[in-house]
K.L.:
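This is the structure, below, for whatever I ask next.
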Amino acid sequence: MATERTLSIIKPDATRRNLTGKINAKFEEAGLRIIAQKRIQLTKAQAGEFYAVHKERPFYDELCEFMASAPVVVQVLEGEGAIAKNREVMGATNPADAAPGTIRAEFAESVGENSVHGSDAPETAAEEISFYFSGLEIVG
Ligand code: ATP
Ligand code: MG
């Protein structure tokens, strides 16, 4: 398994509840390294651009409102098979289906307000990392 990079977002429901450190501990315990990180406030338009792939979904407007409702922490995680490993640590989209010990099982409030985002494939990871970070900001 190769070393990969993936884009992670600690979402507004989690930053609001001061959970950044607890969530980062889960990543680090799983062997993922946080090689870039910043706390930013998205506008609704920026959230809409990031989640454009979901434009036709019924929850799109609600998702964009939510992502712009408070600061988020965007991160690049690096490690062996980081994309799949991060999604394992995150747990299922709906916290009701998330395995015990995962971030969403422990912290998510609902299927929409589910504490974290993680890229789902190498192509989307590369696109999503460059959406938020320049090469100069990533020090592996
Ligand atoms: P993410 O892309 O945020 O890592 P995911 O890949 O597990 O999550 P997606 O299907 O890509 O899930 O959905 C993107 C996000 O849209 C979800 O994380 C959640 O915040 C929101 N979402 C998904 N399904 C619903 C729904 N039924 N109702 C409200 N919000 C939803
Ligand atoms: Mg997704």
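In each ligand, atom 1 is the first atom listed, and ligand 1 is the first ligand listed.
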K.L.:
For L63, counting its heavy atoms only, list the atoms of ligand 1 lying under 4.0 Å from any of them.
P.N.:
16 (O), 20 (O), 21 (C)

K.L.:
Would you indicate whether the side-chain heavy atoms of T15 and R39 approach each other to under 4.5 Å?
P.N.:
yes

K.L.:
Side-chain contact test, heavy atoms from C-beta onward, threshold under 4.5 Å: evaluate it for N114 versus T93 and give yes or no.
P.N.:
yes

K.L.:
Heavy-atom distances under 4.0 Å decide this one: backbone, side chain, both or neither, for R87 against ligand 1?
P.N.:
side chain

K.L.:
Taking 4.0 angstrom as the limit and counting only heavy atoms of G118, give me the atoms of ligand 1 inside it, by number and element.
P.N.:
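Contacts of ligand 1 toward G118, numbered from 1: 4 (O).
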
K.L.:
Which atoms form the tightest heavy-atom contact between T102 and E88, and what is the distance?
P.N.:
CG2-O, 3.5 Å

K.L.:
Work out which heavy atom in E49 is nearest to a heavy atom in Y60; give both atom names and the distance.
P.N.:
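Heavy atoms only, the tightest pair is N-OH, 4.5 Å.
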
K.L.:
How far is atom 23 (C) of ligand 1 from the closest protein heavy atom, and which atom is that?
P.N.:
F59 CZ, 3.5 Å

K.L.:
Quick test of your reading of the structure: of V116, L7, D120, T93, whose heavy atom lies closest to atom 7 (O) of ligand 1?
P.N.:
T93

K.L.:
What protein heavy atom sits nearest atom 19 (C) of ligand 1, and how far off is it?
P.N.:
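Ranked first by proximity to atom 19 (C) of ligand 1 is V111 O, 3.3 Å.
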
K.L.:
I'd like to check whether G112 has a polar contact with ligand 1, where a contact means an N/O of the residue lying under 3.5 Å from an N/O of the ligand.
P.N.:
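Yes; at least one N/O pair falls below 3.5 Å.
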
K.L.:
At what distance is the nearest protein heavy atom to atom 1 (P) of ligand 1, and which residue and atom is it?
P.N.:
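Among all protein heavy atoms, the one nearest atom 1 (P) of ligand 1 is H117 ND1, 3.1 Å.
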
K.L.:
Does the N or O separation between R104 and ligand 1 drop below 3.5 Å for any pair?
P.N.:
yes

K.L.:
Assess the side chains of N86 and T6: does a donor N or O sit below 3.5 Å from an acceptor N or O?
P.N.:
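Checked: N86/T6 side chains show no N/O donor-acceptor pair below 3.5 Å.
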
K.L.:
So, the side chain of R104 versus the backbone of G91: is there a donor-acceptor pair under 3.5 Å, distance only?
P.N.:
yes

K.L.:
Does ligand 1 have a heavy atom under 4.0 Å from the side chain of F66, from its backbone, from both, or from neither?
P.N.:
neither

K.L.:
Numbering the atoms of ligand 1 from 1, which are under 4.0 Å from a heavy atom of M90?
P.N.:
4 (O)

K.L.:
Non-hydrogen atoms of K11 versus ligand 1: any pair closer than 4.0 Å?
P.N.:
yes

K.L.:
Relative to F133, does K38 satisfy both conditions: NZ or CZ under 6.0 angstrom from the six-membered ring centre, and within 45 degrees of the ring's axis?
P.N.:
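Yes, K38 and F133 form such a contact.
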
K.L.:
What heavy-atom pair brings A36 and E137 nearest, and what distance separates the two atoms?
P.N.:
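For A36 versus E137, the nearest heavy atoms are CB-O, 3.5 Å.
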
K.L.:
Checking contacts here: is it the side chain or the backbone of N114 that comes within 4.0 Å of ligand 1, counting heavy atoms only? Could be both or neither.
P.N.:
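Side chain only.
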
K.L.:
Any nitrogen or oxygen of H54, main chain or side chain, under 3.5 Å from a nitrogen or oxygen of ligand 1?
P.N.:
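Among all N and O atoms of H54, at least one is under 3.5 Å from an N or O of ligand 1.
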
K.L.:
Indicate yes or no for a side-chain donor-acceptor contact from R16 to the backbone of P71 under 3.5 Å, with no hydrogens or angles considered.
P.N.:
no

